[in-house]
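For ligands, and for the atoms within them, numbers begin at 1 and follow the listed sequence.
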Amino acid sequence: MKYDLIVIGGGSGGLTAAAGAASFGAKVALIDRKETFGGDCLHYGCVPSKALIHQANRYYTANQEASRQGVALTVPFERIKEAVQTAIETIQHHDSDERFQTLGVDVFHGAAEFTGRRKVKVNGQVLKGKRIVIATGSRALQPDIEGLKEAGFQTNETIFTMPRFPKRLAVIGGGPIGVEMGQAFARMGSSVTIIDRSEKILSREDDEIRDFMTDTLSKELEIRSNTEVSKVVLNNGKKILYVKRNGKEEELEADEILLAMGRVPNTEGLNTDKAGVELDEKGHILVNGYLQTSQKHIFAIGDVTGKFLFTHSAGQEGKTVVQNAIFGVKSAISYENMPWNVYTKPEVFHLGMTEEEAREKHETVTVYRKKLDEVDRFITEEETGVIKLIMDKKGKILGAHAAGEGAGDWMQTVVYAKTNGQKLRSLSGMVYPYPNKAAAIQAAADLYWREKLFDSGLKKVASNYIKWFR
Ligand SMILES: Cc1cc2nc3c(=O)[nH]c(=O)nc-3n(C[C@H](O)[C@H](O)[C@H](O)COP(=O)(O)OP(=O)(O)OC[C@H]3O[C@@H](n4cnc5c(N)ncnc54)[C@H](O)[C@@H]3O)c2cc1C
Ligand SMILES: NC(=O)c1ccc[n+]([C@@H]2O[C@H](COP(=O)([O-])OP(=O)(O)OC[C@H]3O[C@@H](n4cnc5c(N)ncnc54)[C@H](O)[C@@H]3O)[C@@H](O)[C@H]2O)c1
């Protein structure tokens, strides 16, 4: 069979590319080695994790109220897991084979491998593609730690269906997966320890945001930074982790271990060498700004490139590839306005440069920050947090960061402003319905305005005018 486009991998990136190309009339083949489409995000990532976080927060609130009344609750782990699966099944309809077949896409379920520059084999059948997209995603890094395999561990592929609720959970890795899952299990009643070899968790976040989150999370779970696991021993069903912290050996007992130490790209078995596609030393597919691999007709998107490991970036890359592969235009991807959220309580929002990155790249950087417990709605809801807006000397937004309840939603306004080249004053100048949470943006942006006013001659003119008017 001959295709205009063969898409390998039916996750966030591949589905966007396949649906987009088919909607423009291209003949598309979509291949996934799993029985259902949706990839990690739907089955083992965003969807189950956000559903679990929601259930954990519901239980946490109910449990806090119950303990105030002197009642002890037991976590309904089976019910929580069912709710997680229901969320997956509900969203699965959107990613069903039927939906793609209706769009005119030929659907294949089986592991794909290259047999030539334009040839892909699946289930013994060889498909020919004018253009090919590799969107095979990533999986959890499983390190070579002595005794770990024998002791057993969970990854994002097993934790949402794990049979027993762990009273004590050791999470190795304090990135987004580690903190989101760590806090969710802590809120369901597990005693959670996050172990990270780095000095600080959430290493991609702005320092102030990270410090705020570290303090906040430390109230609910234990964080051991500068710590590495050297050995795991299984003892009477318990997992003993031998950890090294600042050169000192310590022991940590847990019922379960979650690996959240980063990802490895799914390039094994693809036979990329037969297509002449180059990989980096970690197995990521190398791409240029147009998302072309070392073979101009083969593109790669999503986690497999190791760039921005998010569903929305895989989707954005999928859209870019449709333009480049189907219309033959040369549209370059830009990550300058790519935001992300970490869905802890409170949430973390990240856009553009951190303060440290901005100071490295720009001579003059101004930062406007506001503590959220100085913003009315956060006061009424007894919440804390911080917002930071970072700009260059001309008022261009370089970065925006927040840690606060719902920040992932109410900070979206800043994404709009930055994407459209709006300056900070545009965020100050619009009306915010009182007392919404987004007013935190105005409160921070107003600082810029006030500074401008005080620095300018306007204040002197105004006070002379007022004196004269009196
Ligand atoms: C626990 C967790 C929580 C997350 N939460 C969020 C979040 O809240 N927001 C967010 O934006 N991102 C989140 N992510 C990241 C997000 O899931 C990924 O960035 C996204 O799924 C990447 O999409 P992708 O298309 O590159 O890969 P995937 O969605 O993983 O799809 C790859 C597909 O390729 C298939 N495949 C692999 N090899 C082959 C082969 N040889 N032949 C055929 N098919 C193959 C796989 O079966 C899979 O279906 C989370 C990830 C995890 C693990
Ligand atoms: N809300 C979201 O958008 C969301 C949620 C979850 C995951 N994700 C995506 O998934 C990706 C993977 O997440 P992740 O948390 O697994 O990876 P990560 O790379 O973000 O974090 C891994 C952490 O593990 C630590 N680590 C690595 N090796 C270690 C070792 N040997 N011992 C102790 N600690 C070690 C690192 O220092 C780091 O802090 C993220 O980059 C993110 O893009 C996104």
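- Residue pairs that meet the salt bridge (charged side-chain N to carboxylate O under 4.0 Å, His left out) test with at least one member in residues 138-161, sequence neighbours left out, are Arg139-Glu268.
- With Arg204, Arg263, Arg197 as candidates, the residue nearest to atom 18 (P) of ligand 2 on a non-hydrogen basis is Arg204.
- Look at Lys437 and Glu405 and you find no salt bridge, because none of the NZ, NE, NH1 or NH2 atoms lies under 4.0 Å from a carboxylate O.
- Atoms of ligand 2 found under 4.0 Å from any heavy atom of Gly174 (numbered from 1 in listed order, with element): 23 (C), 24 (O), 39 (O).
- Between Phe310 and Trp340, the ring-plane angle classifies as parallel under the 30° and 60° cut-offs.
- If you number the atoms of ligand 2 from 1 as listed, the ones under 4.0 Å from a heavy atom of Ser198 come out as 37 (O).
- Of the protein's heavy atoms, Gly175 CA, 3.4 Å lies nearest to atom 21 (O) of ligand 2.
- The nearest non-hydrogen atom to atom 29 (C) of ligand 2, considering only Met261, Arg224, Glu199, His312, comes from Met261.
- For ligand 2 and Tyr343, the ligand atoms under 4.0 Å from any heavy atom of the residue are 1 (N).
- Among residue pairs with one or both ends in residues 1-27, those qualifying as salt bridge (charged side-chain N to carboxylate O under 4.0 Å, His left out) are Lys27-Asp106; sequence neighbours excluded.
- Proximity to Glu180 (heavy-atom distance under 4.0 Å) selects the following atoms of ligand 2: 1 (N), 2 (C), 5 (C).
- Checking each of Lys388, Arg369, Arg359, Lys200 against Asp206 for a salt bridge (charged side-chain N to carboxylate O under 4.0 Å, His left out) leaves exactly one that passes, namely Lys388.
- Polar contact check, Ile177 against ligand 2: a nitrogen or oxygen pair lies under 3.5 Å apart.
- Defined by atom type and a distance below 3.5 Å, a donor-acceptor pair is present between the side-chain atoms of Asn288 and Gln292.
- Salt bridge Lys345/Glu220: absent, no basic N to carboxylate O contact under 4.0 Å.
- Regarding atom 43 (O) of ligand 2, its nearest protein heavy-atom neighbour is Leu309 O, 2.6 Å.
- Within ligand 2, counting atoms from 1 as listed, the ones closer than 4.0 Å to a heavy atom of Ile172 are 32 (N), 33 (C).
- Applying the side-chain hydrogen bond (donor to acceptor under 3.5 Å, both in side chains) definition to pairs two or more places apart or across chains, those involving residues 309-318 are Ser12-Thr311, Glu317-Tyr335.
- The protein non-hydrogen atom at the shortest distance from atom 4 (C) of ligand 2 is Pro176 CB, 3.9 Å.
- At a 4.0 Å heavy-atom cut-off, ligand 2 does not touch Thr311 at all.
- Every N/O-N/O distance between Lys200 and ligand 2 stays at or above 3.5 Å.
- For ligand 2, one of its N or O atoms has an N or O atom of Gly262 under 3.5 Å away.
- Checking His43 against Gln92 by side-chain atom types alone, a donor-acceptor pair falls below 3.5 Å.
- For the pair Lys274 and Phe114, the NZ or CZ position fails the cation-pi test of under 6.0 Å to the six-membered ring centre and within 45 degrees of the ring normal.
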Could you list each nitrogen or oxygen of ligand 1 that sits under 3.5 Å from a protein nitrogen or oxygen, with the atom names and the distance?
| residue | atom | partner | partner atom | Å |
| --- | --- | --- | --- | --- |
| ligand 1 | 5 (N) | Lys50 | NZ | 3.2 |
| ligand 1 | 8 (O) | Lys50 | NZ | 2.7 |
| ligand 1 | 11 (O) | Thr311 | N | 2.9 |
| ligand 1 | 11 (O) | His312 | ND1 | 3.3 |
| ligand 1 | 12 (N) | Thr311 | N | 3.4 |
| ligand 1 | 19 (O) | Asp303 | OD1 | 2.8 |
| ligand 1 | 19 (O) | Asp303 | OD2 | 3.4 |
| ligand 1 | 19 (O) | Leu309 | O | 3.3 |
| ligand 1 | 19 (O) | Phe310 | N | 3.2 |
| ligand 1 | 21 (O) | Cys41 | N | 3.4 |
| ligand 1 | 25 (O) | Ser12 | N | 3.2 |
| ligand 1 | 25 (O) | Gly13 | N | 2.8 |
| ligand 1 | 26 (O) | Asp303 | N | 2.8 |
| ligand 1 | 29 (O) | Ser12 | N | 3.4 |
| ligand 1 | 29 (O) | Asp40 | N | 3.2 |
| ligand 1 | 30 (O) | Asp40 | N | 3.2 |
| ligand 1 | 38 (N) | Arg33 | NE | 3.4 |
| ligand 1 | 41 (N) | Ala112 | O | 3.3 |
| ligand 1 | 42 (N) | Ala112 | N | 2.9 |
| ligand 1 | 44 (N) | Arg33 | N | 3.0 |
| ligand 1 | 47 (O) | Asp32 | OD1 | 2.8 |
| ligand 1 | 49 (O) | Asp32 | OD1 | 3.3 |
| ligand 1 | 49 (O) | Asp32 | OD2 | 2.5 |

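- Ring orientation note: the planes of His401 and His350 are nearly perpendicular, at an angle over 60° on the 30°/60° scale.
- Distances below 4.0 Å separate heavy atoms of Phe310 from the following atoms of ligand 2: 3 (O), 42 (C), 43 (O), 44 (C).
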| request: Let me see the working for Ile397 and Gln422 under side chain to side chain contact (heavy atoms under 4.5 Å, CB included), right down to the final yes or no. | output: CA-CA 8 Å; Ile397 303 166; Gln422 298 282 326; 5.5 Å; no
| task | Show your working on side-chain hydrogen bond (donor to acceptor under 3.5 Å, both in side chains) between Glu347 and Asn341 and close with a plain yes or no. | result | CA-CA 7 Å; Glu347 283 174 8; Asn341 298 335; 4.9 Å; no
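- Within the 4.0 Å heavy-atom shell around ligand 2 one finds Asn341.
- In terms of protein heavy-atom proximity, atom 24 (O) of ligand 2 is nearest to Gly173 CA, 3.2 Å.
- Within the 4.0 Å heavy-atom cutoff, Pro143 does not count among the residues contacting ligand 2.
- The nearest heavy-atom contact from the protein to atom 38 (C) of ligand 2 is Asp196 OD2, 3.4 Å.
- Contact check on Arg377 versus Glu383 returns no salt bridge, with no Lys/Arg side-chain nitrogen under 4.0 Å from an Asp/Glu carboxylate oxygen.
- Taking a cutoff of 4.0 Å between a charged side-chain nitrogen and a carboxylate oxygen, Asp255 and Lys238 qualify as a salt bridge.
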